[in-house]
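Presented below is the structure to which this report refers.
By convention in this document, chain letters (A, B, ...) are assigned in the order of the sequence lines, proteins followed by strands, and residues within each chain are numbered from 1. Everything quoted here is computed from the prediction, not taken from an experiment.
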Amino acid sequence: MISESYNPQLIEAEAQSYWEKHRSFTTCEEPGRDKFYCLCMFPYPSGRLHMGHVRNYTIGDVIARHQRMLGKNVLQPMGWDAFGLPAENAAMACGVAPSKWTYDNIAYMKKQLQSLGLAIDWDRELATCKREYYRWNQWLFLRMLERGIIYLKTGLVNWDPVDQTVLANEQVIDGRGWRTGAIVEKKEIPMYYMAITRYAEELLDELEQLSGWSEQVKLMQKHWIGKSHGVRIGFPYQLPSTVPGVVEIDLSGILWVFTTRADTLLGVTYIAVSAEHPLALYAANSNSELANFIKECRRGGVTEVELTTQDKKGMPTGFTVYHPITNESLPLWVANYVLMGYGEGAVMAVPAHDERDFSFAQQFGLPIKPVIHTCASDETPVVWQDIYSEHGVCVNSGKYDGLDFDRAVDAITADLISKGLGEKKVTWRLRDWGISRQRYWGTPIPIIHCQKCGAIPVPDEQLPVVLPQHLIPDGSGNPLDKHNEFLNCACPKCSNPARRETDTMDTFVDSSWYFLRYSAPDADKILDKRVDYWMPVDQYIGGIEHAILHLLYARFCTKFMRDLGLIKISEPFTNLLTQGMVLNHIFFRKGEKSGINYYRTDDIKISHDVHGKIASVIDVSDDLPVEYGGIGTMSKSRKNGVDPQTLIKKFGADTARLFIMFAAPPEQDLEWSDAGLSGAYRFLRRIWIYAAEHQDAIRTASVLNTNILTEPLKAVRYEIHNALRQALLDFNRYRFNTVIAGGMKILNSLGKMEYSSDASNSLRREGLSMLLRLLSPIIPHITHKIWRELGYGKDVLDAAWPEPDEAALEKTLVTMVVQVNGKLRGKIEVPAGTEIEVIKKAAQDAPNVNQFIQGRSVLKTIVVPGKLINLVC
RNA sequence: GCUGGUGUGGUGGAAUGGUAUACACACAGGACUUAAAAUUCUGCGCCGCUAGCCCGGCUUGUGGGUUCGAGUCCCACCACCAGCACCA
């Protein structure tokens with residue numbers, strides 16, 4: 001019996017314990033049955049669920065439940081991306097060990113997830129900070145090392161000179177260390193790298209086959225991988241000997257640069273190298289001003305944003321190099337806009353056809369020589385225009401004049417090759433993946449340093465290298481460096497005392513293969529044959545912010561594991577849904593000294609102007625103004641998050657799920673507002689009350705006999721089936737907001753039947769059954785309860801997915817709109833299947849249409865069958 | 001700076017190149033109530049008039065273009081969001 005009032009707390013607890021008791025979501029391999037692996041990106045256990053999680057996991061749950069109703073064997077697992085920086089930050093702030101903090105958070109967040117009613121197989125839960133998981137990171141590392149996929153080289157990091165520690169990019173604020181306020185420096189340290197570039201070609205090519213990925217994400221990855229065809233060009237040099245210094249170098253040699261614009265070679269007016277380039281360092285031996293400049297270039301962080309937006313600075317080395325074609329002397333400069341990590345760490349500068357070279361040349365009075373005829377003119381540029389960098393025909397280039405881009409590149413390259421000063425080369429923007437982190441809370445890198453034998457890999461039988469659980473970082477570097485129990489070990493080769501590597505792995509390693517481990521979470525090897533049943537992931541769902549790094553690393557690791565023979569597939573994710581971000585307004589005040597204080601929405605008062613825009617914001621505690629920082633992703637640090645827990649507590653999980661799915665389509669960013677929340681709750685209550693009111697009639701109703709339907713009931717049935725038809729289409733394209741709108745339309749139509757009769761009761765029974773099944777993936781608790789109580793079946797989870805009755809959708813009369821010259825002027829009703837000529841005539845005779853065609857002749861009539869007639873005159 | 005997106009009523013949003021504003025929220029008015037809440041009914045882009053229940057004009061960030069027809073396709077611009085390799 002359904003009670004009169006809707007009590008979500010009660011029915012949600014009941015449904016959840018039913019699922020638990022029946023082990024409804026426990027999954028096992030069923031060879032021969034179609035499987036569907038539905039996976040959401042696993043969360044970082046930050047402490048509490050946020051709205052982005054609710055959105056992500058609701059979308060995944062809706063898809064999983066839908067596939068189940070279509071008859072698939074659905075796997076939806078969940079786990080924890082449990083290593084990472086926030087645990088160390090929490091440790092510093094509260095003195096609690098990262099492990100305790102992390103496990104407490106996992107316990108709490110698991111409860112929160114369970115209260116959302118997600119159809120998750122919790123038997124497969126994993127956490128990357130557990131030794132049973134991260135030991136396989138170490139195992140993979142060793143396999144990569146054996147195959148040369150892991151190698152050692154130096155890399156640039158942010159260095160805090162006061163704390164003597166490496167900082168993450170987010171710990172650098174305005175070029176200063178977050179705790180010390182010291183100006184951050186770039187520092188080169190040795191790191192282990194994964195050679196993802198070995199797979200660059202395959203990672204690029206296979207993007208094309210990923211038909212289940214959006215073009216947007218594929219394009220982002222394509223540009224990230226950044227294949228470019230170009231030429232490596234050598235500029236010979238003969239250097240004067242300088243005073244002996246730190247850097248020694250061959251006095252005659254060749255400086256190599258990479259360019260995609262070899263056609264502009266005759267327009268080169270200077271060469272620029274990065275501050276870390278050997279030639280720059282050599283020049284600094286005898287030039288203290290230059291040495292200072294190079295030192296100054298070390299200031300600031302290592303992010304691409306910082307490097308590419310800094311003011312252009314440069315200084316001549318005093319050296320020259322020779323142009324490989326003309327033998328002309330070209331000045332050699334050090335410039336901060338040239339990056340050592342990309343290409344050769346040196347560029348040939350063509351100020352007339354490259355914007356960065358142009359502004360640098362202008363700033364330092366270097367010559368600008370146009371060599372390409374562009375649409376602009378052949379004049380020397382004074383103010384930069386983008387067309388200067390277009391392809392064109394060579395001018396001022398001697399024997400190459402008149403050649404177009406392709407021919408000029410070919411001719412110039414051929415000449416360079418004959419001199420030994422050039423080669424065609426493909427380069428990639430993609431760089432190898434540095435995985436070493438100077439941090440405690442991560443997977444220990446399984447290497448042992450022996451004074452005699454060097455860096456020795458830990459043998460497989462000694463895995464895992466266990467991370468001590470109780471350490472508490474204090475901000476002054478990695479506590480593993482001071483932990484003798486961990487540090488001291490025996491060299492696996494010579495058994496002498498040795499020292500463990502204390503760097504840990506980037507947490508992206510953890511998340512690059514966890515989706516495989518879900519198939520065999522209890523295996524005593526990395527994977528077993530169950531992986532072949534479940535993989536690939538049929539639907540992967542996660543935030544758009546992971547469109548590049550995580551997804552690229554996961555694709556790379558999948559390919560590597562295929563090459564190891566562990567799996568048969570090359571691509572892990574058949575279909576990818578990238579949900580938009582959940583955004584909210586940001587409010588802040590600049591702090592006294594530095595930094596920014598953010599305000600929670602509860603602590604401020606906002607007034608709007610007549611247009612609804614924010615006019616002023618004040619802090620309720622002191623009535624003084626607070627600045628409005630626009631809109632941005634919900635984050636703890638900006639204090640603009642909305643806690644889903646209060647929402648669930650107040651309205652129930654179904655309301656939370658319904659509201660967030662109704663607010664916007666999944667791929668779109670969602671600007672938070674509680675405005676629609678009560679509407680979602682109201683809709684659920686209306687469903688409940690409808691079911692309660694008609695429960696006896698529906699329970700006893702007979703199967704619908706369409707012959708006894710009256711005309712008004714036929715019209716209602718048309719509305720219901722038509723809304724269902726559209727909603728099903730929307731479901732297939734994951735437009736859940738319009739699916740819900742369709743459900744609302746069905747309920748509105750059901751509500752139109754005022755009188756009780758055999759026919760109307762049967763129609764109620766049919767319509768409500770469709771509504772319940774259609775929305776059960778989105779609002780599983782309320783539909784579970786009503787489905788059972790009204791005697792539709794045992795479990796809506798396994799009910800058949802609804803289908804509209806084609807007969808209900810047949811119309812005898814069709815409404816068509818009539819346009820004159822594209823403007824709406826009237827409507828006509830014609831019997832279905834009316835001949836086109838008759839329709840045209842009817843359109844011209846339609847009321848109100850006549851006045852617009854009077855006195856003119858209809859030149860053309862366009863008829864869109866069943867929809868529209870456009871009279872052109 | 002580079003790369004990828006987004007922009008529609010007071011608000012969230014809807015619309016295979018074919019009726020712009022579905023479905024909701026908010027708001028206003030009516031009913032119910034001693035009252036309020038809840039519920040329910042009606043109205044709701046802007047402007048105009050000859051006020052039509054099939055009136056007319058304008059309207060999808062701005063300015064152009066393609067088309068019988070553009071929110072949708074193309075070009076330019078503006079604003080906002082995300083990513084940029086050590087946040088995850």
Side-chain angles (χ1 to χ4, degrees), chain A residues 41 43-44 46 81 84-86 89 155 157-158 166-172 215-217 219-220 222-224 226 302-310 337 341 355-356 430-439 506-508 511 543-550 552-553 580-581 583 608 610-612 630-633 635 637 662-665 667-671 673-680 682-683 685 689 726 729 735 737-738 740-745 748 815-819 821-828 846-849 859-862 864 867-873:
Chain A
M41 291 179 187
Y44 179 81
S46 55
D81 188 12
L85 203 52
N89 293 341
V157 292
N158 302 305
V166 176
L167 298 179
N169 287 331
E170 72 161 10
Q171 296 173 321
V172 180
E215 290 306 315
Q216 172 196 359
V217 172
L219 202 57
M220 283 160 88
K222 186 181 169 187
H223 286 147
W224 185 264
V302 297
T303 65
E304 196 180 303
V305 188
E306 264 195 89
L307 295 171
T308 53
T309 54
Q310 61 192 349
Y337 74 92
E355 186 171 6
R356 283 184 309 180
L430 180 68
R431 308 198 295 260
D432 280 344
W433 173 15
I435 59 153
S436 295
R437 297 290 179 271
Q438 297 67 44
R439 301 194 201 296
D506 181 2
T507 55
F508 270 127
S511 55
I544 183 71
E545 69 272 23
H546 296 291
I548 295 180
L549 289 178
H550 162 61
L552 200 62
Y553 293 149
M581 314 285 292
L583 311 174
H608 298 268
V610 283
H611 305 293
I631 207 152
T633 51
S635 76
S637 58
F662 186 54
E667 313 219 47
Q668 195 170 308
D669 283 347
L670 193 157
E671 262 178 53
S673 117
D674 321 285
L677 202 54
S678 57
R682 211 176 303 167
F683 175 59
R685 193 167 49 195
I689 287 168
Q726 186 57 49
L729 291 174
R735 299 285 292 224
N737 56 330
T738 54
I740 293 166
M744 289 170 168
K745 281 184 194 168
N748 289 345
T815 306
M816 296 181 76
V817 301
V818 184
Q819 296 181 334
N821 289 328
K823 283 195 192 295
L824 179 67
R825 298 302 180 190
K827 288 179 188 175
I828 55 170
N848 196 46
V849 169
L859 303 170
K860 198 171 163 186
T861 307
I862 286 142
V864 181
K867 278 199 171 160
L868 162 150
I869 305 112
N870 188 10
L871 305 168
V872 185
C873 54

Which part of the nucleic acid, if any, lies within contact of [X], taking any heavy atom under 4.0 Å across all strands shown: a base, the sugar-phosphate backbone alone, or nothing?
X: A:Trp433; result: nothing
X: A:Arg682; result: sugar-phosphate
X: A:Gln438; result: base
X: A:Leu871; result: nothing
X: A:Val166; result: base
X: A:Gly84; result: sugar-phosphate
X: A:Phe683; result: nothing
X: A:Thr507; result: sugar-phosphate

May I ask you to test the [X]-[Y] pair for a side-chain heavy-atom distance under 4.5 Å?
X: A:Leu871; Y: A:Lys860; result: no
X: A:Asp506; Y: A:Arg437; result: yes
X: A:Ile828; Y: A:Thr815; result: no
X: A:Glu170; Y: A:Leu85; result: yes
X: A:Cys873; Y: A:Asn821; result: yes
X: A:Ile869; Y: A:Gln819; result: no
X: A:Arg735; Y: A:Leu729; result: no
X: A:Leu307; Y: A:Tyr337; result: no

Which nucleotide in the set [options] lies at the smallest distance from any side-chain heavy atom of [X]?
X: A:Pro86; options: B:A82, B:C86, B:A88; value: B:A88
X: A:Arg437; options: B:G1, B:C86, B:U3; value: B:C86
X: A:Glu545; options: B:A82, B:A85, B:G56; value: B:A82
X: A:Met581; options: B:A82, B:A88, B:C68; value: B:A82
X: A:Lys860; options: B:C68, B:C81, B:G4; value: B:C68

Rounded distance in Å - [atom1] ([X]) to [atom2] ([N]):
X: A:Asn748; N: B:C23; atom1: CG; atom2: C1'; answer: 9 Å
X: A:Ile689; N: B:U39; atom1: CD1; atom2: P; answer: 8 Å
X: A:Ile544; N: B:C87; atom1: CD1; atom2: P; answer: 19 Å
X: A:Lys222; N: B:G5; atom1: NZ; atom2: P; answer: 12 Å
X: A:Ile435; N: B:A85; atom1: CD1; atom2: P; answer: 18 Å
X: A:Glu170; N: B:C86; atom1: CD; atom2: P; answer: 12 Å
X: A:His550; N: B:A85; atom1: NE2; atom2: P; answer: 18 Å
X: A:Ile548; N: B:C86; atom1: CD1; atom2: P; answer: 13 Å

If only side-chain N and O atoms of [X] are considered, is one of them under 4.0 Å from the OP1 or OP2 phosphate oxygen of [N]?
X: A:Ser678; N: B:A26; answer: yes
X: A:Arg685; N: B:U39; answer: yes
X: A:Lys823; N: B:U59; answer: no
X: A:Arg431; N: B:A85; answer: no

In whole Å, what separates the [atom1] atom of [N] from that of [M]?
N: B:A51; M: B:A36; atom1: C1'; result: 39 Å
N: B:A28; M: B:U33; atom1: P; result: 22 Å
N: B:A38; M: B:G52; atom1: C1'; result: 39 Å
N: B:G71; M: B:U16; atom1: P; result: 13 Å
N: B:C84; M: B:U8; atom1: C1'; result: 31 Å
N: B:C41; M: B:C32; atom1: P; result: 15 Å
N: B:U6; M: B:G61; atom1: P; result: 13 Å
N: B:C73; M: B:A15; atom1: P; result: 14 Å

Subject >> Backbone N/O of A:Glu306 and side chain of A:Thr303: donor-acceptor pair under 3.5 Å >> reply: yes
**OP:** Would you confirm whether A:Asp669, through its side chain, and A:Leu583, through its main-chain N or O, come within 3.5 Å as a donor-acceptor pair?
**Re:**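 No, the answer is negative, given that no donor and acceptor are paired below the 3.5 Å cut-off.
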Original post:
Are A:Val818 and A:Asn870 close enough, and set up right, to give a side chain to side chain contact (heavy atoms under 4.5 Å, CB included), and what steps lead you there?
Top reply: CA-CA 6 Å; A:Val818 184; A:Asn870 188 10; over 6 Å; no
Original post:
In terms of the nearest nucleotide of RNA chain B, which residue is placed more toward the 5' end: A:Met220 or A:Arg356?
Top reply: A:Arg356
**OP:** Map A:Glu304 and A:His223 onto RNA chain B by nearest heavy atom, then report which one ends up closer to the 5' terminus.
**Re:**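 The 5'-side residue here is A:His223.
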Where do N or O atoms of nucleotides 12-19 of chain B meet protein N or O atoms at under 3.5 Å, pair by pair?
{"from": "B:G12", "atom 1": "O2'", "to": "A:Ala663", "atom 2": "O", "distance (Å)": "2.6"}
{"from": "B:G13", "atom 1": "OP1", "to": "A:Gln668", "atom 2": "NE2", "distance (Å)": "3.3"}
{"from": "B:G13", "atom 1": "O5'", "to": "A:Ala663", "atom 2": "O", "distance (Å)": "3.4"}
{"from": "B:G13", "atom 1": "O3'", "to": "A:Asn737", "atom 2": "ND2", "distance (Å)": "3.2"}
{"from": "B:A14", "atom 1": "OP1", "to": "A:Arg735", "atom 2": "NH2", "distance (Å)": "2.8"}
{"from": "B:A14", "atom 1": "OP1", "to": "A:Asn737", "atom 2": "ND2", "distance (Å)": "2.9"}
{"from": "B:A15", "atom 1": "OP1", "to": "A:Arg733", "atom 2": "NH2", "distance (Å)": "2.9"}
{"from": "B:A15", "atom 1": "OP2", "to": "A:Arg735", "atom 2": "NH2", "distance (Å)": "2.8"}
{"from": "B:G18", "atom 1": "N2", "to": "A:Asn870", "atom 2": "ND2", "distance (Å)": "3.3"}

Subject >> Stem regions touching RNA chain B, defined by at least 3 consecutive Watson-Crick or wobble G-U pairs below 3.5 angstrom >> reply: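 Expected stems, ordered by start: B:1-7 with B:78-84, B:10-12 with B:23-25, B:27-31 with B:39-43, B:45-48 with B:55-58, B:61-65 with B:73-77.
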Original post:
Taking atom types as they are modelled, is there a donor-acceptor pair under 3.5 Å from the base of B:G1 to the side chain of A:Thr308?
Top reply: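 Indeed, a donor on one side and an acceptor on the other fall under 3.5 Å apart.
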Original post:
Under the side-chain contact (heavy atoms from CB on, under 4.5 Å) test, which residues partner A:His550, sequence neighbours left out?
Top reply: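 For A:His550 the side-chain contact (heavy atoms from CB on, under 4.5 Å) partners, ignoring immediate neighbours, are A:Met41, A:Phe508, A:Ser511, A:Tyr514, A:Tyr540, A:His546, A:Ala554.
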**OP:** Could you classify B:G43 for me, syn or anti, using a glycosidic angle within 90° of 0 as syn?
**Re:** anti
**OP:** Over all heavy atoms of both residues, which pair between A:Ile862 and A:Val872 is shortest? Give the atoms and the distance, please.
**Re:**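 Answer, listing the atom of A:Ile862 first, then A:Val872: CD1-CG2, 4.4 Å.
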